[in-house]
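A quick write-up on the structure given underneath.
Every number for a ligand or one of its atoms is a count from 1 in the order of the listing. We number each residue from 1, following the sequence as shown.
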Amino acid sequence: MSLSYHKVIAQAPSNIAFVKYWGKYGRQYPMNPSISMTLKKCLTEMEVEYCLDSNLAKITSFEFEGEQKPNFKKKFEQYLEDIEDIFPLSKRLSLKIKSKNTFPHSAGIASSASAMAAFATVLCEIEANVNVSEFNITRASMLARLGSGSACRSVFPNYSVWGDGIEELGSNESGVEFKNFHESFSSLEDTILIVSKDTKAISSSMGHQLMHGHSFREARCDQAKENLHSLIAAMESGDFKTFGEVLENEALTLHALMMTSYPSFILLKPESLSVIDLIRIGRSELGIPMYFTIDAGPNIHLIYPSEFKARVKEFLEQSVSDFCESIIYDQIGNGSEILK
Ligand code: PMV
């Protein structure tokens with residue numbers, strides 16, 4: 001008897017955090033609240049064929065950019081097992097997965113957020129098909145969180161808050177869309193200055209772990225809440241200067257936390273510091289409202305309003321590109337999407 005397979009295709013973007021999530025507890029709950037911008041071009045596209053047959057393996061094949069990846073298959077099977085209590089359908093599903101990214105491998109861009117957001121979107125769509133119910137984006141965000149914390153923010157358009165700590169906005173269970181931003185925040189750019197493609201010396205899971213015994217833990221949680229508060233107020237009123245100051249403070253705090261944990265990690269490269277210097281000089285001398293943020297790696301994300309793109313490009317080409325292996329121009333995006 002031939003098995004009956006159905007297909008779902010979904011895509012989800014990566015996101016860049018403005019207030020950083022660093023440290024987790026329990027079942028992927030964040031120690032502090034965070035906010036991010038959803039990207040547009042750095043995407044994972046996932047094509048999944050599924051059938052309901054609990055006698056088959058949960059995942060029969062996992063192809064990533066044309067190659068079978070047994071380690072991805074194992075990781076995703078483990079994830080499906082871990083969520084059985086929350087997503088009971090995973091006991092009955094058998095999946096064939098094909099996945100690809102629109103951004104280059106090892107460009108130092110976190111691909112777990114886009115991959116887990118895409119997979120959670122697929123799972124929710126399958127659930128909606130099987131139960132003849134509506135697709136639920138908050139549920140997709142919650143399932144994405146269980147795969148990779150920051151992935152829960154990638155399903156929403158524009159901006160997303162995750163974590164308790166700010167009245168009425170945000171929950172530890174899933175991300176929520178932040179909609180109340182000033183129109184001047186409706187078209188921001190994220191230009192990613194790749195200073196090194198080297199793989200990270202520290203996985204984010206290990207980094208989150210190191211926050212447990214960290215001397216600055218409590219102060220960090222208070223600071224993140226205060227920063228989130230100020231950043232949201234700035235985004236609501238259109239105050240780009242305050243927004244940018246908080247943005248840079250958050251990036252440098254994340255790295256300060258890594259430098260001062262046991263064991264300690266320095267992920268910034270000399271080029272990262274040179275680029276930071278040039279951005280600050282360029283900002284004051286050229287009067288371009290551009291501010292940096294940094295993830296758990298050496299690459300610098302430059303955030304600025306779209307109307308300055310041509311001037312920023314000129315500045316980067318003249319002063320910064322010598323320090324970079326490559327430059328990716330991304331911008332604010334629409335969140336995850338079901339393509340089929
Ligand atoms: O979602 P994870 O476990 O990969 O952690 C992401 C952590 C940061 O990217 C450094 C910050 C964030 O909020 O995205």
Ala17: numbered ligand 1 atoms lying under 4.0 Å from its heavy atoms: 12 (C), 13 (O), 14 (O)
- prompt: Can a salt bridge be assigned to the pair Glu189 and Lys309 using a cut-off of 4.0 Å between side-chain N and carboxylate O?
  reply: yes
task: Of the side chain and backbone of Ser150, name the one, both, or neither that has a heavy atom under 4.0 Å from an atom of ligand 1.
output: both
- request: Please work out which of Ser204, Ala224, Ser205 has its closest non-hydrogen atom nearest to atom 2 (P) of ligand 1.
  value: Ser204
task: Quick one: look at His208 and ligand 1, take heavy-atom pairs under 4.0 Å, and tell me if it's side chain, backbone, both or neither.
output: side chain
statement: Here the pair of heavy atoms bringing Pro263 nearest to Met206 is CG-CE, 4.2 Å
- prompt: Are any of the N or O atoms of Arg153 closer than 3.5 Å to those of ligand 1?
  reply: yes
message: Under a 4.0 Å threshold between the charged nitrogen and the carboxylate oxygen, would Arg27 count as salt-bridged to Glu173?
response: no
message: Looking at Arg311, I'd like to know if its CZ atom is crowded, meaning that more than 12 non-hydrogen atoms belonging to other residues, nucleotides or ligands lie closer than 6.0 Å.
response: yes
Donor-acceptor list for residues 282-292 side chains, cut-off 3.5 Å, not counting sequence neighbours:
residue, atom, partner, partner atom, Å
Arg283, NH1, Glu248, OE2, 2.7
Arg283, NH1, Met290, O, 3.1
Arg283, NH2, Glu248, OE1, 3.4
Ser284, OG, Ile281, O, 3.4

message: Within ligand 1, which atoms have a heavy atom of Asp295 less than 4.0 Å away?
response: 8 (C), 9 (O), 10 (C)
- prompt: Which atoms of ligand 1 are found less than 4.0 Å from any heavy atom of Gly149?
  reply: 1 (O)
query: Heavy-atom count around Lys75 NZ within 6.0 Å, excluding the residue itself: above 12?
result: no
